[in-house]
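In the text below, chain A, chain B and the rest are named by the order of the sequence lines, each starting its count at 1.
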Number of protein chains: 4
Amino acid sequence: MPDAARRSERSRNAILQAAMDLLQEKGYADLTVEGIAARAGVGKQTIYRWWGGRGPVVLDALVEKHSGSGGPPALPDTGDLEADLRPVIRAIVAELADDRLSATTRALTIETLSSEDFAGRMRDRLLRPQLDTVKNRLRSARAAGQVRAGVDLDQAVELLIGPMYHRWMMRTGPLTEEYADGILELAMAALRPGAADRPGAPPTASSDLM
Amino acid sequence: MPDAARRSERSRNAILQAAMDLLQEKGYADLTVEGIAARAGVGKQTIYRWWGGRGPVVLDALVEKHSGSGGPPALPDTGDLEADLRPVIRAIVAELADDRLSATTRALTIETLSSEDFAGRMRDRLLRPQLDTVKNRLRSARAAGQVRAGVDLDQAVELLIGPMYHRWMMRTGPLTEEYADGILELAMAALRPGAADRPGAPPTASSDLM
Amino acid sequence: MPDAARRSERSRNAILQAAMDLLQEKGYADLTVEGIAARAGVGKQTIYRWWGGRGPVVLDALVEKHSGSGGPPALPDTGDLEADLRPVIRAIVAELADDRLSATTRALTIETLSSEDFAGRMRDRLLRPQLDTVKNRLRSARAAGQVRAGVDLDQAVELLIGPMYHRWMMRTGPLTEEYADGILELAMAALRPGAADRPGAPPTASSDLM
Amino acid sequence: MPDAARRSERSRNAILQAAMDLLQEKGYADLTVEGIAARAGVGKQTIYRWWGGRGPVVLDALVEKHSGSGGPPALPDTGDLEADLRPVIRAIVAELADDRLSATTRALTIETLSSEDFAGRMRDRLLRPQLDTVKNRLRSARAAGQVRAGVDLDQAVELLIGPMYHRWMMRTGPLTEEYADGILELAMAALRPGAADRPGAPPTASSDLM
DNA sequence: AGGTAAGCGAGACGGTACGTCGCGTCTTAGA
DNA sequence: TCTAAGACGCGACGTACCGTCTCGCTTACCT
């Protein structure tokens, strides 16, 4: 209904910035539409008109931030899968370990859990692009024979990512570089071609390729 | 401050039951202290006195429900780790796949993300006991040589559990039995002793031990 | 702080009406802000924003009702002070004698005793205009020589009004027409010029009579 | 129902004292049963058992205080009514003028207005004895011919007392010694025998003066 | 160029729930 | 059995935000 052409870019930016600021300062639970509007010097209606609530605003703010680089870049492909993934995994753990940096992720996760609708948008606009960079690297690795042929790449990505998010959310342990490396090592062992997955075939052959 | 000895058991039960009922009926987002009190036929103050908010009430209700069996039982140990784990993994996926069954988990996860304090209680009272059953089975498997000696068991547990929770939360894919089996298979491959983790040693040796 | 220009006249009227209705039905002790809001179909905040509590609302409602006639009219001046005052005094007694009619006065009096701030507003907006009509009549009577020159008119008004309110409040006796006439007669005797207050007249004469 | 013989005198005194203290400190509006019980170091039930609410407690406390002298003494009778009354009237005005001293009277008046039942007890136990001392003095004055024979003594008492209470409640003016004297002078003029009230005396004389 | 319709800031509005306070009742332990 | 203590069901308090709505105002488009 509203005419997007006449939308105020100034207000949009002020709102997204205010949302990010307040999220850092007070956390998602204390983030209110009224607070965002007041901080941004904006009428509440402007937020409801263009977003519909705090969830989509935060999502937009995050997308904005992450798309600063014009979408996540492809991972390097040096031929050594583990070496290429290590910095990514470490970076994720480092971000999750930092309360300030992960505040927005926390917010998005809450909203994702609260609204199926939001979950879909969040997944497609923010999460998928990031997961896909990993997935694509795994695909090339599989093509190169460094990953077992039968592996489902989506499962493989989650095997890498899932443990870290779980530990972060549930606070079941420290999020350290050692942890990142440990998970990476386990995941590589899971993906690496070996005797186990090729019954009857000589395991050493594929082991050599690794 | 309040005198726990004089606490009303009747009220406590009514509150926990009402909380569970409303959680099923309306979801966590629409669960209010006022609603719980009304349904339980109880004053709001009684809830605030003993719990302090809806989060701790739901946690208590869940703990109550799960501790009905006197704590989670140890997993069976048939000597075949994968076979012993499969039903557990499948059950977790099945529960997460069912919106009604996972409503409470969703609620607790939101609260966990919102409050560090709550997260701690949740982890210790609900999550840890469940994770420990898996961890203990893995420990015995490691002792039996079915899991590599160097594996950190906490990481191993998360390697199994994390991917499923991630897919469930982020709705990145279907939660099916095939998925459960796929993750289990990957995790087993990661844990299983093999050539990869013993550079220079003949991989077949340990393979034989499995 | 709120912008009075944007105030909803509809809500204001509904609130005042609801307050009057509930006052009649249940009395001041059972009158609640919540009840007024519900009856008026209005948010509580609207009451707190513009009034601050039930007291000011009732005051406003009363002022509204009494100012329907555009302020109290001047008393008639037939030249006979006692005759002019008698209907007023009788009317006051009659109103106080009727529980329904005096319910609001009772309410306002309680609030007046409870809050100095409220007392001031009540005095200026409701009471003073009414007392002034009597005072003005007394002033013209004094100018006409029917009231002693030295009489303080405020005291004179209270001499008339005070006894009735005292009996009403303390329930020390019946509030009848005879009582009204009795107080009026006494007050007239107090105000009427006589030997006592005219220095130059032989004081011993009246002293002897005592 | 409760057995008065086993009643704790210690608790009774502590409650009455606490009530008086809190009344002075915070006013009647902020006086609560819970507060009295806490201050007195007493269970709430003890208050509800023996009194039934804060109103009767305050009444009792006041009666206690005033009956310290074993009931109000008779006024002196020097033969000069006005001289005998003046200190009484001035004392009343002085007490009313002092916020601390009149706090209890304020409380009792509110309760009197709120509860007809309470009003009766208050009138009989506290007010009547005090009014009667004045009434008795007026009666002897009437017998001595210093007050007109036809005067209703209850009305006469209220003529003296009513104006002061009205000014005190409604805050319509200052409560000074001059005011006390003014009201007394007016009331004396109303009561004093004179030409006006003695039919058969030439009414024209005073009429002319009006 | 002027008129008009949109977006805008502001914030009042009807609501829902919050977390607190005090009520008057009831239960427990101790004297 | 009375008492101190205080938990309880209840109801109202005054506040915070919700999402909708109504104001003038600015601003850009469209005759």
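Per the geometry, OH belonging to Y48(D) stands 16 Å off P belonging to dT3(F), to the nearest Å. Taking atom CG on L31(B) and atom C1' on dA17(E), their separation rounds to 12 Å, with Å as the unit. The OH-P distance, from Y28(C) to dA12(F), rounds to 15 Å in whole Å. Atoms NZ (K44(B)) and P (dC23(E)) sit 18 Å apart, rounded to a whole Å. Remark: P of dA10(E) and CZ of R39(A) are 15 Å apart, rounded to the nearest angstrom. Taking atom CD1 of residue I47(A) and atom C1' of nucleotide dA10(E), one finds them 13 Å apart after rounding to whole Å. Atom CD in E34(A) sits about 13 Å away from atom P in dA10(E), given to the nearest Å. At whole-Å resolution of the value, CZ in R49(A) and P in dA6(E) are 11 Å apart.
Remark: R106(B) CZ to L108(B) CG distance equals 12.0 Å, nearest 0.5 Å. One finds the CG atom of L101(C) at 8.0 Å from the OG1 atom of T104(C) (value rounded to the nearest 0.5 Å). Atom-to-atom distance recorded for I47(B):CD1 and E34(B):CD is 9.5 Å, nearest 0.5 angstrom. With rounding to the nearest 0.5 Å, the separation of CZ in R12(B) from CG in D60(B) is 5.0 Å.
Looking at which nucleotide of DNA chain F each of R54(A) and D3(B) is closest to, the 5′-most match is held by D3(B). Comparing D30(A) and G53(C) along DNA chain F, the residue whose closest nucleotide (by nearest heavy atom) sits nearer the 5' end is G53(C). Nearest-nucleotide positions on DNA chain E place A40(C) closer to the 5' end than the other of T32(B) and A40(C).
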Scan nucleotides 27-31 of chain E against the protein and return all N/O pairs shorter than 3.5 Å with their distances rounded to 0.1 Å.
residue, atom, partner, partner atom, Å
dT27(E), O2, R6(B), NH2, 2.7

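For D21(C), the side-chain hydrogen bond (donor to acceptor under 3.5 Å, both in side chains) partners two or more places apart in sequence, or in a different chain, are Q17(C).
Set against dC18(F), dC8(E), dT3(F), the side chain of T46(A) has dC8(E) as its closest nucleotide. The side chain of V33(C) sits closest to dG14(F) out of dG14(F), dG19(F), dA7(F).
In this structure, the side chain of S114(C) engages the main chain of I110(C) through a donor-acceptor pair within 3.5 Å. A donor-acceptor pair is defined here as one N or O able to donate and one able to accept, closer than 3.5 Å; no such pair exists between the side chain of S102(D) and the backbone of T105(D).
Across all strands, G35(B) comes closer than 4.0 Å to no nucleic acid atom at all (heavy-atom distances). R7(B) comes within 4.0 angstrom of the backbone, heavy atoms only, and of no base. Contacts of G41(C) with the nucleic acid, taken as non-hydrogen atoms under 4.0 Å apart, involve only primed sugar atoms and P, OP1 or OP2.
Non-hydrogen atoms lying under 4.0 Å from DNA chain F are contributed by S8(D), S11(D), all within residues 8-19 of chain D.
With F118(A) as the aromatic partner, R123(A) does not meet the cation-pi criteria of under 6.0 angstrom to the ring centre and within 45 degrees of the ring axis. Both tests do not hold together for R121(B) against W51(B): distance to the six-membered ring centre under 6.0 Å, angle to the ring axis within 45°.
A salt bridge is absent between E25(A) and R100(A); no separation between the charged side-chain nitrogens and carboxylate oxygens falls under 4.0 Å.
Listed pair W50(D) / dC2(F) fails the phosphate criterion, with no side-chain N or O lying under 4.0 Å from OP1 or OP2.
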